[in-house]
Engineer: 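Let me begin by handing over the structure; questions about it come next.
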There are 2 protein chains.
Amino acid sequence: MGNKNNNDHSELDEETLFIVSQTFKALADPTRIRILYLLFEGEYAVNDIAEQLKLRQSNVSHQLRFLKNLRLVKYRRDGKTIYYSHDDVHVINILEQSINHALH
Amino acid sequence: MGNKNNNDHSELDEETLFIVSQTFKALADPTRIRILYLLFEGEYAVNDIAEQLKLRQSNVSHQLRFLKNLRLVKYRRDGKTIYYSHDDVHVINILEQSINHALH
DNA sequence: TTATCATATGATCATATATTCATATGATAG
DNA sequence: CTATCATATGAATATATGATCATATGATAA
């Protein structure tokens, strides 16, 4: 029958819910997945990402800001160019797992 | 349908992108996370989920349909009552991992 | 300084999403 | 059959989100 309504499992606090949902939101958009997937290869400049994925530069920049705010990517400046790369092993592993799971 | 070839550094095909992004979308909403987290305890009736989480019945029902369409939950009827439970070990593991990661 | 390159930002718009209310459906008991 | 309970569904709405255009910022070289 159904669950006996025992309350030994407490509810998630609001902050945890926010962090977890935000993290998955980052992975819930095809464009961001494509960007993160491209970064599997290594670091990329903003324009190169745009060119490679056929996206507008401003679109890529907006998405990178989103990912940067969640600390999923980091950047490094070299002259006028800014190179982005992964910055969260855990989340990147989850994405990799899920892609492989979907591919097979 | 789509080409799922993934040799080295080719782009992800559209179908894979859709599957992966949809799956993460399911985990990208606090309400759905709370429901899935509650189901860690076992199977629950729709009304019990609503009561436990202080959500409207229709809201719970809509979210369960969403999760059911993605085959993240399954259901079992017993009389008038319908019990929902998890139905995707992989995704549930990912959610559990991420919650634990956020909690620590 | 000015010109140019690379990136970031803000405003806007169209679409997507989460929630609610009201109602429909389906199962069961009397 | 009717009444009631449990769940599902559809419409409406408010908010969130993704993409675009135009422009701003910042770095570099002449």
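Below, read A as the first sequence line, B as the second, and so on, with proteins coming before strands; counting in each chain starts at 1.
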Engineer: Phosphate oxygens OP1/OP2 of C:dC21: is one of them under 4.0 Å from a side-chain N or O of B:Arg56?
Structural biologist: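 For C:dC21, OP1/OP2 do have a side-chain N/O of B:Arg56 under 4.0 Å.
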Engineer: Side chains of A:Asp13 and A:Thr16 only: does a donor on one sit below 3.5 Å from an acceptor on the other?
Structural biologist: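 Result is yes, a qualifying pair exists.
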Engineer: Taking only side-chain N and O atoms of A:Ser58, does any of them lie within less than 4.0 angstrom of OP1 or OP2 on D:dA19?
Structural biologist: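 Answer no for this pair, as no side-chain N or O of A:Ser58 is under 4.0 Å from OP1 or OP2.
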Engineer: Where the side chain of B:Phe66 is defined as all heavy atoms beyond and including C-beta, which of D:dT17, C:dA18, D:dT9 is the nearest nucleotide?
Structural biologist: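 Among the listed nucleotides, the one closest to the side chain of B:Phe66 is C:dA18.
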Engineer: Which pair of non-hydrogen atoms, one from B:Glu11 and one from A:Gln52, has the smallest distance, and what is that distance?
Structural biologist: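 Result for this residue pair: OE2-O, 4.4 Å.
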Engineer: Grab the CG-C1' distance between A:Asp48 and C:dC5 for me, whole Å please.
Structural biologist: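 Distance check: A:Asp48 CG to C:dC5 C1' gives 13 Å.
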Engineer: Considering only side-chain heavy atoms of A:Ser61, which listed nucleotide, D:dA19, C:dT7, D:dA6, is closest?
Structural biologist: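 From the listed options, C:dT7 comes nearest.
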Engineer: Could you give the CG-to-C1' distance, from B:Asp78 to D:dC5, as a whole number of Å?
Structural biologist: 14 Å
Engineer: Could you work out which one of C:dT9, D:dA19, D:dT7 sits closest to the side chain of A:Gln63?
Structural biologist: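 Closest of the options to the side chain of A:Gln63: D:dA19.
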Engineer: Grab the CG-P distance between B:Asn59 and D:dA11 for me, whole Å please.
Structural biologist: 18 Å
Engineer: Nearest 0.5 Å, please: how far is OG1 in B:Thr23 from CG in B:Leu72?
Structural biologist: 6.5 Å
Engineer: Starting at the 5' end of DNA chain D and moving along, which residue's nearest nucleotide shows up first, B:Leu64 or A:Arg77?
Structural biologist: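 Its nucleotide being nearer the 5' end, the pick is B:Leu64.
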Engineer: Checking only heavy atoms, does the side chain of A:His62 share a donor-acceptor pair with the base of C:dT7 at less than 3.5 Å?
Structural biologist: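 Donor-acceptor pair under 3.5 Å: no.
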Engineer: If you take all heavy atoms of A:Ser61 and A:Val46, which pair is closest and at what distance?
Structural biologist: N-CG1, 4.5 Å
Engineer: Is the base of C:dA8 touched by the side chain of A:Gln57 through a donor-acceptor pair closer than 3.5 angstrom?
Structural biologist: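 Donor-acceptor pair under 3.5 Å: yes.
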Engineer: Take atom NZ of A:Lys25 and atom C1' of D:dT15, then tell me their distance rounded to the nearest Å.
Structural biologist: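 My rounded result for the distance is 11 Å.
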Engineer: Would you kindly give the CZ-to-P distance between B:Arg76 and D:dA6, to the nearest whole Å?
Structural biologist: 15 Å
Engineer: Assuming nearest nucleotide by heavy-atom distance, tell me which of B:Gly79 and A:Val46 is located more 5' along DNA chain C.
Structural biologist: A:Val46
Engineer: Check every atom of D:dA19, C:dG10, C:dA6 against the side chain of A:Asn47 and return the nucleotide holding the closest atom.
Structural biologist: C:dA6
Engineer: Locate the shortest heavy-atom distance separating B:Tyr44 from B:Leu39; write the atom from each residue and the value.
Structural biologist: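 The pair with the smallest heavy-atom distance is CB-CD2, 3.8 Å.
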Engineer: Please work out which of the three classes, parallel, tilted or perpendicular, describes the rings of A:Phe24 and B:Phe24, given edges at 30° and 60°.
Structural biologist: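 The rings of B:Phe24 and A:Phe24 lie parallel, inter-plane angle below 30°.
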Engineer: So, is B:Tyr84 near the phosphate of D:dA8, with a side-chain N or O under 4.0 Å from OP1 or OP2?
Structural biologist: yes
Engineer: Using whole Å, report how far CD1 of B:Ile82 lies from P of D:dT9.
Structural biologist: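 Between P of D:dT9 and CD1 of B:Ile82: 9 Å.
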Engineer: Could you tell me the separation between the NZ atom of B:Lys80 and the C1' atom of C:dA24, rounded to a whole number of Å?
Structural biologist: 17 Å
Engineer: Please evaluate the base of C:dC5 for a donor-acceptor partner in the side chain of A:Thr81 within a cut-off of under 3.5 Å?
Structural biologist: no
Engineer: CG of B:Asp29 versus P of D:dT15: gap in Å, rounded?
Structural biologist: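 Distance check: B:Asp29 CG to D:dT15 P gives 16 Å.
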Engineer: D:dT17, OP1 or OP2 - any side-chain N/O from A:Arg32 closer than 4.0 Å?
Structural biologist: no
